[in-house]
Amino acid sequence: MAKKALVLVEGNRSIGLLYVRAAKRLGLHPITFSADPTQYDYLKADGTEAISVDTDDLDALICECSRLRATYDIAGITGFTGLDELAYATVGKLCRSFDLPGPNPGAIERCCDKFTQRQLLAEAGVPMPAYRLAANAADVESCAAEINLPVILKPAVGSGSSGVLLCRNVDELAKHTTHLLCGKHKWRSSPRILVEEFAQGPYYWADMMGDEVIGIGGADFGRPPHFIHRGCTYPAVLTDDEQQRVADVSLTCLQALDLGWGPSNIGFRWTMRGPVVIEVNPRLAGAPGPQMVNLAYGVDVVTEHIKVVIGEEWDLRRTRSHFAGARFLLPEGDGILDWIDGDSRAAAVEGVAEVKLHVQPKTPIVREGDYRDTIGHVIAASPSRPQTDAILQHAVALIDWSIKSVSAPGEQQHPWSP
């Protein structure tokens, strides 16, 4: 009998290894398709089979899968997204080509277009910030005037907070508009900018699998105008009524967007109107979300997602009730990372579940204002939230680094502080 394989389209620096190991525990042979497998260190370290292929080319992916079927029984196909969520739509199309369980590619494409997503949610009566679509600088200025400053500017297609900025005055609005239209931002097609009301209030997200709510987490961000996670808590501190309101709105979102298959996560701001939907992502949340769900509830969402992918019965029953938390390591300047240490000391702190560094000494540090700015994270858990917070504070204080400025001589210390 041919060995069962799980095909992973691209990898992920934060949760890719979780999928590889979970697949092996389920008796599957993980195979990663990537345009550049060398960018994922865990593939070589874990001895995982990897195939170089253009993962934007559906025909090339179909060809590779057809070739693999001569050796393996392909039990399922899934993958990861980077700055472009549409990669998950490609996964859906690939699954349909081989009659395997997978996400609806049409629904994924509609969801990944943030303007289309907003329109569909509005038709379903989902509470959202005011929004407009702009194609040029004049449109942006006009839309911002209708909504009133401050506003959020973001590309209509994208993820990871790439290109997302809070514009508090006309100068910031004009500068970021120029950056999006004439700067470094890469567009797959004609530029389309979403101009949104700045919904103010605590940030929460709901983790979903199919039409089930796994749990609700809370997060806070670093200094504006960017939206880079500084820390997360799981579960979020909400009353039973507040949790039910988030769950009800989440299910309405999935119905409106036809996302009843597989994982998804939905971001909210709790405003004076209650939960207001910021965005719906048709995928599993990145790290440290899956790790925190497992630490808090004993639910391994990565393993359960793979079971969905290969058509097996999945189980989201909770086996524990703890509080998990995470803190991200954020550099305060650009330059060359001279040194970073303390991670082993932090990992030895009782209650710490994971210390992950994304960089090595001599790595260039260039902040982009999105998820790629984090240079690492610490995850911890305990029976109480105050205890978890104390563990994280102690562990993070043990990690330090130094960044040499490339624009001026000398060395600058950049310790992270809560």
Side-chain angles (χ1 to χ4, degrees), residues 7-10 12 19 55-59 61-62 65 76-128 131 133 154-160 162 188-189 192 194 196 205-214 246-268 275 277-286 289-290 301-302 304-311 314 316:
V7 172
L8 300 168
V9 179
E10 283 302 338
N12 186 284
Y19 273 83
T55 49
D56 287 332
D57 186 336
L58 180 60
D59 290 335
L61 293 172
I62 292 173
C65 284
I77 302 170
T78 189
F80 308 97
T81 62
L83 292 176
D84 186 358
E85 297 274 8
L86 287 170
Y88 206 50
T90 301
V91 168
K93 294 174 183 177
L94 191 57
C95 290
R96 291 196 168 188
S97 296
F98 292 93
D99 196 27
L100 292 168
N104 178 344
I108 300 295
E109 289 171 345
R110 290 189 294 273
C111 186
C112 291
D113 184 319
K114 292 181 171 62
F115 180 65
T116 300
Q117 179 188 125
R118 286 276 187 238
Q119 289 180 307
L120 292 171
L121 294 179
E123 290 173 4
V126 173
M128 293 181 299
Y131 66 96
L133 185 67
K154 64 174 71 171
V157 176
S159 69
S162 177
R188 274 181 171 262
S189 56
R192 296 163 64 246
L194 206 58
E196 292 185 349
W205 82 91
D207 290 308
M208 314 284 291
M209 189 74 76
D211 59 359
E212 290 189 44
V213 178
I214 301 169
V246 169
D248 290 343
V249 174
S250 298
L251 291 173
T252 301
C253 288
L254 297 188
Q255 292 167 2
L257 298 172
D258 193 21
L259 293 177
W261 186 94
S264 57
N265 69 90
I266 304 170
F268 299 86
V277 174
I278 301 303
E279 65 179 9
V280 178
N281 299 300
R283 54 170 172 77
L284 198 66
V301 290
V302 171
E304 299 312 315
H305 177 207
I306 294 175
K307 289 179 182 177
V308 173
V309 168
I310 63 178
W314 40 285
L316 301 179

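When all heavy atoms of C111 and Q117 are compared, the pair lying nearest together is O-NE2, 2.7 Å. Closest of all the heavy-atom pairs between P127 and P275 is CG-O, 3.2 Å. For the residue pair L259 and A107, the shortest heavy atom distance occurs at CD2-CB, 4.0 Å. Here the closest non-hydrogen pair linking M208 and L254 is CE-CD1, 3.5 Å. Between A124 and A256, the shortest heavy-atom distance links the atoms CB-CB, 3.6 Å. Of all the heavy atoms in M209 and P263, the pair that sits closest is SD-N, 3.7 Å.
Residues L284 and P290 meet the side-chain proximity criterion, which asks for heavy atoms closer than 4.5 Å. Side-chain atoms of L94 and I62, non-hydrogen and from C-beta on, do get closer than 4.5 Å to each other. Annotation: side chain of Q119 is in contact with side chain of Y131 (closest heavy-atom distance under 4.5 Å). Taking 4.5 Å as the limit, some side-chain heavy atom of I77 sits within range of a side-chain heavy atom of V9.
Here the CD1-CG distance, from I266 to D207, works out to 9.5 Å after rounding to the nearest 0.5 Å. Residue S162 holds its OG atom at 12.0 Å from NZ of K154, rounded to the nearest 0.5 Å. Residue E279 holds its CD atom at 11.5 Å from SG of C253, rounded to the nearest 0.5 Å. Distance CG/L58 to OG/S97: 5.5 Å, rounded to 0.5 Å. Atoms CD and CG, from E212 and L251 in turn, are 10.0 Å apart once rounded to the nearest 0.5 Å. One finds the CG atom of L120 at 7.0 Å from the CZ atom of R110 (value rounded to the nearest 0.5 Å).
The only member of V7, L100, T78 that meets side chain to side chain contact (heavy atoms under 4.5 Å, CB included) when paired with V309 is T78.
Shown here are the ring pair (Phe, Tyr, Trp, His ring centres under 6.0 Å) partners of F80, two or more places apart in sequence or in another chain: Y19. Checked against side-chain contact (heavy atoms from CB on, under 4.5 Å), K307 has the following partners two or more places apart in sequence or in another chain: L26, T303, E304, E312, W314. Partners of P101 according to the side-chain contact (heavy atoms from CB on, under 4.5 Å) rule, which considers only residues two or more places apart in sequence or in another chain, are W261. Under the rule for a side-chain hydrogen bond (donor to acceptor under 3.5 Å, both in side chains), the partners of E109 that lie at least two apart in sequence or sit in another chain are K93. The side-chain hydrogen bond (donor to acceptor under 3.5 Å, both in side chains) search around T90 returns none, not counting sequence neighbours. With sequence neighbours left out, L133 forms a side-chain contact (heavy atoms from CB on, under 4.5 Å) with F115, A156, R192, L194. For D56, the salt bridge (charged side-chain N to carboxylate O under 4.0 Å, His left out) partners two or more places apart in sequence, or in a different chain, are R188.
Sorted by first then second residue, the side chain to side chain donor-acceptor pair (under 3.5 Å) pairs that include residues 246-260, not counting sequence neighbours, are N104-D258, Q244-D248.
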Please lay out, stage by stage, how K114 and E196 fare under the test salt bridge (Lys or Arg N to Asp or Glu O under 4.0 Å).
CA-CA 11 Å; K114 292 181 171 62; E196 292 185 349; over 6 Å; no
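Between the side chain of N265 and the backbone N or O of R283 there is at least one donor-acceptor pair closer than 3.5 Å.
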